[in-house]
Number of protein chains: 4
Amino acid sequence: MAQTTDPATNPVTNSRRAELLAIAARLFAEKGFKNTTVRDIADAAGILSGSLYHHFDSKESMVDEILRTFQEELFGQYDEILAGDLDPRAKLERAVVVSFEAIDKHRDEVAIFQNEAAHLLTFDRFAYLADRNQQSREVWLTLLRNGVDAGVLRDDLDLELTYRFIRDTVWVAVSWYRPGGRRTHTEIARQYLSILLEGIRS
Amino acid sequence: MAQTTDPATNPVTNSRRAELLAIAARLFAEKGFKNTTVRDIADAAGILSGSLYHHFDSKESMVDEILRTFQEELFGQYDEILAGDLDPRAKLERAVVVSFEAIDKHRDEVAIFQNEAAHLLTFDRFAYLADRNQQSREVWLTLLRNGVDAGVLRDDLDLELTYRFIRDTVWVAVSWYRPGGRRTHTEIARQYLSILLEGIRS
Amino acid sequence: MAQTTDPATNPVTNSRRAELLAIAARLFAEKGFKNTTVRDIADAAGILSGSLYHHFDSKESMVDEILRTFQEELFGQYDEILAGDLDPRAKLERAVVVSFEAIDKHRDEVAIFQNEAAHLLTFDRFAYLADRNQQSREVWLTLLRNGVDAGVLRDDLDLELTYRFIRDTVWVAVSWYRPGGRRTHTEIARQYLSILLEGIRS
Amino acid sequence: MAQTTDPATNPVTNSRRAELLAIAARLFAEKGFKNTTVRDIADAAGILSGSLYHHFDSKESMVDEILRTFQEELFGQYDEILAGDLDPRAKLERAVVVSFEAIDKHRDEVAIFQNEAAHLLTFDRFAYLADRNQQSREVWLTLLRNGVDAGVLRDDLDLELTYRFIRDTVWVAVSWYRPGGRRTHTEIARQYLSILLEGIRS
DNA sequence: TATGAATGAGTCTTCATTCAT
DNA sequence: GATGAATGAAGACTCATTCAT
């Protein structure tokens, strides 16, 4: 492991890494992490399974990199929303829209997080996923609380539950949303917001 | 051959089977089907792993029996609601309440279905799960359509999407609901209905 | 095992034993000893596998009893032929006929001996099978030698090889002979003798 | 997927496969297919049992390849005889000689076929063995019929039975023939032919 | 005699991973 | 970067056998 350049950041090797990670992500999302073998990934990449270890330390480190990268991007967007100057209702809308966008642009990553996080969480290495869950909770609760404080959302809501309902509905959509399908992710976001906002406005 | 009673239905031997299935269900729900070894189940039951095969053909047949039994009961309840004489809105409420009840009474079974169905579905043996998914869709769409026809629900809803939002929000709750926790399943159902019905009423 | 009467000879329990042995023999002959499970036998007998152990010590002791009983009868017949006063050629004919009769009357036992002896032989318990093989060799060699000495058989034969050809052709017939089939065991014996005796007569 | 060479036909990797198959064949022939464990094979090859699966799909696929390869060669030879221009009697002699040659050169393969075919036949995968049996029957019956038609063989023979006698005597010889033993395979073939042809000539 | 539950040793197979070439 | 061979640990499943009831 006496590498002088970290393959994860070296732009030259990066393209192949990214390629392989995309293949792995697709399979993890489709069949589950445990149900995907290293050989499945290698086969799909047209190499032998042992060769994957020139690129990655382990199967675990593949999911790790997949999830980590995705979450950085996603939470970056949430932070922007929080820091922005939209009004509370618009911020909430934006958060929903951004989430559905993520489902569209990062289907595999979202699916993996959705299906595997609970189990991965039980290993030290993936403890950061729990932090991200916590962070997500804070984002949504803040958005909701701001809405209530501003008087645009019902003040009789159990915010904790409301947050969970929203989070669940949004993210589980990854299980049935098909890019290029009948409904665009924007339409789905709109339809959901039309129900949700009607249901929680003051 | 000369067996006069099928162990799967014989009430006497059934107790041990049921016990073992409950143990298996708990583990499948907690760690996932693939992540649960036959030895995990046997250990939890206090027997050797090979001894499980005195009761069941395979690990697969265990999930099979768990899911099948649960679904029969659940869909029995949905059928009762559909056949009952409540008004459309009350029927919808009842369906939501019954679902949260199932989450409370059959946490493990719901969790297994929620987490494993997509993958199990890819095997012939579990093709019936696809039928159940279809049946579920028909139940909810019927309830929603009746509500719209009766004029109690908004007529601008995309019913297909609405059904998915409801189904997802309800069932994914199994991932965080804790029996005996701060909120009862009835309270959660009420809170969700208060948002949902407000959001979709005409 | 403090039994006051040997179940193998007690006439009362004998019928059930014989029944079970016949069932076992059929299965051993059809599928092979190793490929037949104790459960296969029990299933065919309409009892549970554990119950077989009230009748027999082990699966091995079942084949043992099957083979032992059969061989006693068969070699009794050979001894009668050798001790009888037929002329050499008639004795040889009789030995062939008696062997095909055994194939007809004891299909399963012959098949088991034919297919399993080589392997069973490697265990101490079945060392007596080697003795029987030796005894068989002596019977046939004696018959052939007497024929040659009497001038009715070619004196240029390699008797050792001739014995093997005869033994093989006769016993392997068990693999295709079907009782009640197109040809009776007597017809088969006649046809074989017509070729053999023509081939080896002086 | 992106494999340019099939390991089963690639001459380079083939050597290791062939080595392992030879080891497996020896054991299958000696102890029987069922009595030979994958570990037995691996031990004999000096590797771990799991490593065998780098070369073969399963224990079954090993016998499959062993039998298939052998039968192709053998039936190739029979076809040559049938297509050749020897006289009927010489063709029959040649077929016997070729068969004893096979016993000498492919002891293990012949033994496996002789001992396991009946059982393997009961699995779809080995259905082709039944075809080969049928093909063998046609070869011998053709040879015999041609001999009768040409007037060199007795016309009172039951050809079906005669075929079986020949086939059985020839192939079962594998159970006692030892390469390098007192009698060469050619001597055995000669001795058998001297009896057989005398017995069936017109 | 038979049942039903269990044992314990073993069998085939899988799979992430390593490493010499 | 990749191959091909192998490791080693584990996993699902089998099966002869035991034994309390």
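Here is how names work: the chains are called A, B, and so on, in the same order as the sequence lines, proteins then strands, and each is numbered from 1.
Using a 4.0 Å heavy-atom cutoff across all strands shown, B:I47 reaches sugar-phosphate atoms only and no base atom.
Between D:M62 and the options D:L20, D:D57, D:L52, a side chain to side chain contact (heavy atoms under 4.5 Å, CB included) holds for only D:L52.
With sequence neighbours excluded, no residue satisfies side-chain hydrogen bond (donor to acceptor under 3.5 Å, both in side chains) with C:Y53.
Between D:D43 atom CG and F:dT7 atom P the separation is 11 Å, expressed in whole Å. If you measure from atom CG of B:L20 to atom P of E:dG4, you get 16 Å, rounded to the nearest angstrom. Put simply, CD1 on B:I41 is 8 Å from P on F:dA12, counting in whole angstrom units. Residue C:L27 contributes atom CG, which lies 12 Å from atom P of F:dA16 at whole-angstrom precision. We find that CZ of B:R17 is positioned 13 Å from C1' of E:dG4, with the value rounded to whole Å.
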### Message
Just to be sure I follow the notation: if a pair is Watson-Crick (purine N1 to pyrimidine N3 plus N6-O4 or O6-N4) or a G-U wobble (N1-O2 and O6-N3), each under 3.5 Å, what dot-bracket string does DNA chain F give, with | for pairs to another strand?
### Response
.||||||||||||||||||||
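At distances below 3.5 Å, not a single donor-acceptor pair connects side-chain atoms of D:D64 with backbone N or O atoms of D:E60. With A:R26 contributing its side chain and A:D108 its backbone, the two residues share no donor-acceptor pair below 3.5 Å. The closest donor-acceptor contact from the side chain of D:D40 to the backbone of D:T36 lies at 3.5 Å or more, if one exists at all.
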### Message
How would you summarise protein contacts on nucleotides 15-21 of chain E per nucleotide, using B for base, S for sugar-phosphate only and - for none, with heavy-atom distances below 4.0 Å?
### Response
BSBB---
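A sub-4.0 Å separation between OP1 or OP2 of E:dA2 and a side-chain N or O of C:H55 is present. Look at A:R16 and you'll find a side-chain N or O under 4.0 angstrom from OP1 or OP2 of F:dA2.
For B:R125, the CZ atom counts as densely surrounded, since its 6.0 Å shell holds more than 12 non-hydrogen atoms of other residues, nucleotides or ligands.
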### Query
Hey, mind stepping through B:L21 and B:T69 against side-chain contact (heavy atoms from CB on, under 4.5 Å) and telling me if it holds?
CA-CA 11 Å; B:L21 280 181; B:T69 308; 5.8 Å; no
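Shown here for B:I66 and B:E109, the closest heavy-atom pair between the two residues is CG2-CG, 3.7 Å.
A salt bridge does not link A:R68 with A:E65: every distance from a Lys NZ or Arg NE/NH1/NH2 to an Asp or Glu carboxylate oxygen is 4.0 Å or more.
Closest-nucleotide positions on DNA chain F for A:L52 and D:L48 were compared, and the one nearer the 5' end corresponds to A:L52.
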